[in-house]
Amino acid sequence: VSVTNFSQTGANQTTITNVLQKIEAALPNNATCNNWLQGGGEDQGVSGSQQIQVVLQANNFGHGTFNKDNVVYYENDAFSGTKNPDQTPIPGIPGSAVFTVNDVGGFFNATDNQGNPITVGKRKYSGGTLRAQATILIHETAHQIMVSGFQPDFSRPKAGKANDQLVDTNCRTLIEGLQ
Amino acid sequence: MKLISRNVILAVVFLAISFVTASQTQHDSAISDKEMKLVDFADLEYPKLARTALVQGIVVIRAKLDDKGYVIDSTALSGADVLIPDCLANARKWRFQPNAKKAVVIVYNFRVTDAVSKSGCSHFMLEAPNFATITTCSPQIQ
């Protein structure tokens, strides 16, 4: 995968920041989600709240247009990490990008380039809504801190569905309570 | 009697000012590399939260030594908040040859690299006497 027009500023960056802030504020009041969103493995001890707080402070995230095999890639909403599976750096993003959101994916858009509706997560939230955005960012945070049971799912739809199920089971109340 | 009291007070004030100025000068003055002879140190892992949030940067620590060169106190002069606590704790495990200023500076350089390794991601390298580089691997896409 590669990214074009990567940016860490502008309206889209502000939208991502606002959603992260809402999740951070809501986590202490949602014990199930908060208790689940905790680091596992070698990240044990790192909480989702801490992760979001530090990522926000450092502005270590961004957005851009995803490409796969040199074609615009609409199917992926966001990813965490900076290296492709072959260990080469992902072209177009800085090494400090904890996660990157797709400008043409479901975080910002209700439809794809063909006009087809984009839905997000187990509950099929409409793309571009706060619920879809929160689902995406909680999913990415879970990757970053290696939440127990969360699997690498890039280009692995089955693992992606299992991860979506975990986000829904543990954080649906938080997601649907955001305003 | 009054004159004696006044002179005593003046002397005490003068001594106090001299002491404060001297210790301030000592605290602010540069510590030459020649004054820092490393005896022992401890490795430092990349702090977990800094690793997951890909926070990089340099932390500068000023450490106070006792008469035997053990670090007895450490303060951060600069650096990212998420990196500082581990550096402060790590510095207290170092030892230098005693020096006149009873102080040293330790510089920690945290870097996320694209390098890959089979021996794990976090590596600690020291350029004696006081420049430590701690690296971690950049994360794979998921």
Note: Pro85(A) and Ile141(B) closest approach over all heavy atoms is CD-CG2, 3.7 Å
Answer yes if Leu44(B) and Met36(B) sit in the same cluster of Ile, Leu, Val, Met, Phe, Trp and Tyr residues linked by side chain heavy atoms under 4.5 Å apart, and no otherwise.
yes
Kindly provide each donor-acceptor pair between chain A and chain B shorter than 3.5 Å, listing atom names and distance.
unit_1, atom_1, unit_2, atom_2, d
Glu42(A), O, Arg51(B), NH2, 3.2
Asp43(A), OD1, Arg51(B), NH1, 2.7
Asp43(A), OD1, Arg51(B), NH2, 3.0
Gln44(A), O, Lys48(B), NZ, 2.4
Gln51(A), OE1, Thr52(B), OG1, 2.6
Gln51(A), NE2, Thr52(B), O, 3.0
Asn60(A), ND2, Ala53(B), O, 2.8
Asn60(A), ND2, Leu54(B), O, 3.1
Ser80(A), N, Gln142(B), O, 3.0
Ser80(A), O, Gln142(B), N, 2.9
Thr82(A), N, Pro139(B), O, 2.8
Lys83(A), N, Pro139(B), O, 3.1
Lys83(A), O, Ile141(B), N, 2.7
Lys83(A), NZ, Ser138(B), O, 3.3
Gln87(A), NE2, Gln140(B), OE1, 3.3
His143(A), O, Gln142(B), NE2, 3.3
His143(A), ND1, Gln142(B), OE1, 3.2

Counting only heavy atoms not in Asn70(A) (residues, nucleotides, ligands), do more than 12 fall under 6.0 Å from its CG?
no
Tell me, side chain or backbone of Ala159(A) under 4.5 Å from chain B's heavy atoms, or both, or neither?
neither
Going hydrophobic residue to hydrophobic residue with side-chain gaps under 4.5 angstrom, can you get from Val104(A) over to Val1(A)?
no
For Asp168(A), the salt bridge (Lys or Arg N to Asp or Glu O under 4.0 Å) test, sequence neighbours excluded, returns Arg123(A)
My understanding is that only one of Val46(A), Ile145(A), Val55(A) makes a side-chain contact (heavy atoms from CB on, under 4.5 Å) with Leu49(B); could you say which?
Val46(A)
Is Val55(B) in contact with chain A via its backbone, its side chain, both, or neither, using a 4.5 Å heavy-atom distance?
both
For the hydrophobic clusters of this structure (ILVMFWY residues joined by side-chain heavy atoms under 4.5 Å, transitively), does one cluster hold both Phe110(B) and Met125(B)?
no
Based on non-hydrogen pairs under 4.5 Å, which of Ala50(B), Cys137(B), Ala53(B), Cys121(B) is most in contact with chain A?
Ala53(B)
Indicate, with yes or no, if Ile52(A) and Ile175(A) share a hydrophobic cluster defined by side-chain heavy-atom contacts under 4.5 Å among Ile, Leu, Val, Met, Phe, Trp and Tyr.
yes
Answer yes if Leu126(B) and Ile61(B) sit in the same cluster of Ile, Leu, Val, Met, Phe, Trp and Tyr residues linked by side chain heavy atoms under 4.5 Å apart, and no otherwise.
yes
Among Gly45(A), Pro89(A), Gly95(A), Gly160(A), which residue has the highest count of heavy-atom pairs closer than 4.5 Å to chain B?
Pro89(A)
